[in-house]
Amino acid sequence: MSIDPLPARADRSNWRTAPYSRQAFRNIRAILPVADIESAPGSAWPLPARPREFDDFSLKLPNGSRLDLAGFLKTTATDGLVVLHDGRIVFEFYDGGLDRETPHILMSATKSITGLMAGILVGRGELDVNAEVTTYISEVAATAYRGASIRELLDMRAGVVLDAAGLQAYADASGWEPVAPGATADLHGFYATMRAQAKPHGGPFSYVSANTDLLGWVIERATGRSFANLVGTLLWKPMGASGETYITVDAKGAPRCTGGFCATLRDFARLGQLVLANGHRDSNQIIPERWIEDIRHGGDAEAWREGQWRDSFAAISRNMHYRSGWYVIDDAPQLLFAMGIHGQNLFVDTVNNIVIAKVSSWAQPVEPQAIWLTHKAVAEFTRCIGEDAGR
């Protein structure tokens, strides 16, 4: 497909900054190297339409004013939103140049995809999540990752602390930012030489994006195949994803498994529908059902309560856990969600059979008000749909 011309001077130094970001987020190929992921346009998972207007949608703000649906979409810089109920599209919206056929970067919602891939490989007997990282990647034996398990990477419980210098070295290695002349963006090289501090592994939730990029290396080493090939063969094509899909890679081809996945909004929603269906598409078990159940019920709530983001999510819920790259709100109805900076989200409500996929272009990486509004909107969509069902 054609690539839109980017705003003047859009490059690696500013593509995540407004006003460049909105167009850049749907034109990642023009900025970063990528690896293509095969989809299956000839056998797409059908998403029949059953549209609803949602004229009764209303969010009450702390100051007493209200937002209708259009106001919510605008306030949270929404590029696209799909709401599924019982596998049917009840609402679909695009703005800012995004359309059904154009992939949008998912940022750290990518971690949830990487977590599902780990589950698929566990089911195939190709990955042991209880093994130590060094079982697969001996290159990190002299680093803070020594002694950490694959499970601790998945659950953000590895005792790795990156200081400012370490964060900058990691950013340089990812290839998402400009690097010094003559330098090479090299994620594998970063891990082999990292000097991060270590705390005991298996402690409270501590969000370190480098954990999931390392998990991507583990997956590739365990299987002898590229992450992009594995996703296409074992997840994306069997699921019935139909659109252009790719993942960003560093200068040597290592995938950005922590945040570089780019997909169409409908395929993002299809992923949510697959999780809702406990890993099934028709009679095909794509993700082991026990892996989905483990995401829902296997996380450590105490690790979350003692962890880094407890207070940040207190206005949404204090009853949460994080498992295999997914956030889980355990308040009824239990809600699973994937989350990425600048407003990328996938929500799965297994009780009410609702999936909501949202991609955005927030001006700031993290906007607490927009996060709160988005979660309130999920509850409001559920209310509106429930009222329809009760009529």
Side-chain angles (χ1 to χ4, degrees), residues 1-37 70 72-82 93-111 113 164 167-181 183-185 187 209 213 243-251 254-265 267-268 338-346 357-371 373-374:
M1 79 184 318
S2 62
I3 298 176
D4 290 351
L6 293 170
R9 300 184 304 280
D11 55 30
R12 293 193 195 197
S13 70
N14 58 24
W15 66 275
R16 287 175 287 173
T17 305
Y20 308 100
S21 55
R22 186 162 225 192
Q23 194 172 17
F25 286 175
R26 57 180 171 82
N27 285 275
I28 295 299
R29 277 191 191 278
I31 302 168
L32 303 173
V34 301
D36 288 307
I37 293 170
F72 161 70
L73 295 170
K74 181 177 181 180
T75 300
T76 58
T78 306
D79 295 332
L81 181 75
V82 166
F93 168 86
Y94 297 94
D95 196 19
L98 191 68
D99 57 36
R100 292 179 185 175
E101 307 302 323
T102 302
H104 191 288
I105 192 165
L106 304 182
M107 298 297 188
S108 285
T110 303
K111 292 178 174 67
I113 299 172
L167 288 170
Q168 187 58 58
Y170 172 55
D172 292 343
S174 74
W176 276 23
E177 298 181 5
V179 296
T184 300
L187 279 167
S209 284
D213 278 331
E244 179 185 6
T245 312
Y246 49 84
I247 189 168
T248 71
V249 296
D250 71 8
R256 194 84 204 272
C257 294
T258 205
F261 207 91
C262 302
T264 67
L265 185 61
D267 284 343
F268 197 24
M339 179 176 66
I341 58 172
H342 296 285
Q344 324 316 321
N345 273 119
L346 180 62
K358 185 181 190 293
V359 291
S360 315
S361 297
W362 297 350
Q364 301 300 319
V366 177
E367 297 188 6
Q369 177 74 357
I371 294 172
L373 277 173
T374 299

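We number each residue from 1, following the sequence as shown. Since we're looking at a predicted model, the values are computed, not measured.
- Atoms CG and CG, from Asn345 and Leu106 in turn, are 10.5 Å apart once rounded to the nearest 0.5 Å.
- Nearest heavy atoms, Cys262 versus Pro103: C-CB, 3.9 Å.
- Here the side chain of Thr76 pairs a donor or acceptor atom with the backbone of Phe72 at under 3.5 angstrom.
- Closest of all the heavy-atom pairs between Gln344 and Ile341 is NE2-O, 3.2 Å.
- Judged by distance alone, with hydrogens and angles left aside, the side-chain atoms of Glu244 form no donor-acceptor pair with the main-chain N or O of Ala263 at under 3.5 Å.
- Within the 3.5 Å criterion, the main-chain N or O of Trp176 finds a donor-acceptor partner in the side chain of Trp15.
- Legend: residues meeting salt bridge (charged side-chain N to carboxylate O under 4.0 Å, His left out) with Arg16, ordered by chain and number and at least two apart, are Glu177.
- For the atom pair CZ of Arg256 and OG of Ser108, the computed distance is 8.0 Å after rounding to the nearest 0.5 Å.
- Across all non-hydrogen atoms, the minimal contact from Tyr94 to Leu265 is CE2-CD2, 3.8 Å.
- Atoms OG1 and CZ, on Thr78 and Phe93 in that order, are 6.0 Å from each other to the nearest 0.5 Å.
- Residues satisfying the salt bridge (charged side-chain N to carboxylate O under 4.0 Å, His left out) criterion with Arg12, sequence neighbours excluded, are absent altogether.
- A donor atom on one side chain and an acceptor atom on the other are not found under 3.5 Å apart for Asn14 and Thr17.
- Judged by distance alone, with hydrogens and angles left aside, the side-chain atoms of Asp213 form a donor-acceptor pair with the main-chain N or O of Thr258 at under 3.5 Å.
- A distance of 7.0 Å separates CD1 in Ile105 from CG in Leu32, rounded to the nearest 0.5 Å.
- In terms of heavy-atom proximity, Phe268 sits nearest to Ala109 at CZ-CB, 3.9 Å.
- Note that the NZ atom of Lys358 and the CG atom of Leu346 stand 13.0 Å from one another [nearest 0.5 Å].
- Asp250 meets the salt bridge (charged side-chain N to carboxylate O under 4.0 Å, His left out) test with no other residue; sequence neighbours excluded.
- Atom-to-atom distance recorded for Met107:CE and Met339:CE is 13.5 Å, nearest 0.5 angstrom.
- Residues Leu98 and Asp79 come closest through the heavy atom pair CD2-O, 3.6 Å.
- Between Phe261 and Ile113 the shortest heavy-atom distance is CD2-CD1, 3.5 Å.
- A distance-only check finds a donor-acceptor pair linking the side chain of Ser174 to the backbone of Ala171 [under 3.5 Å].
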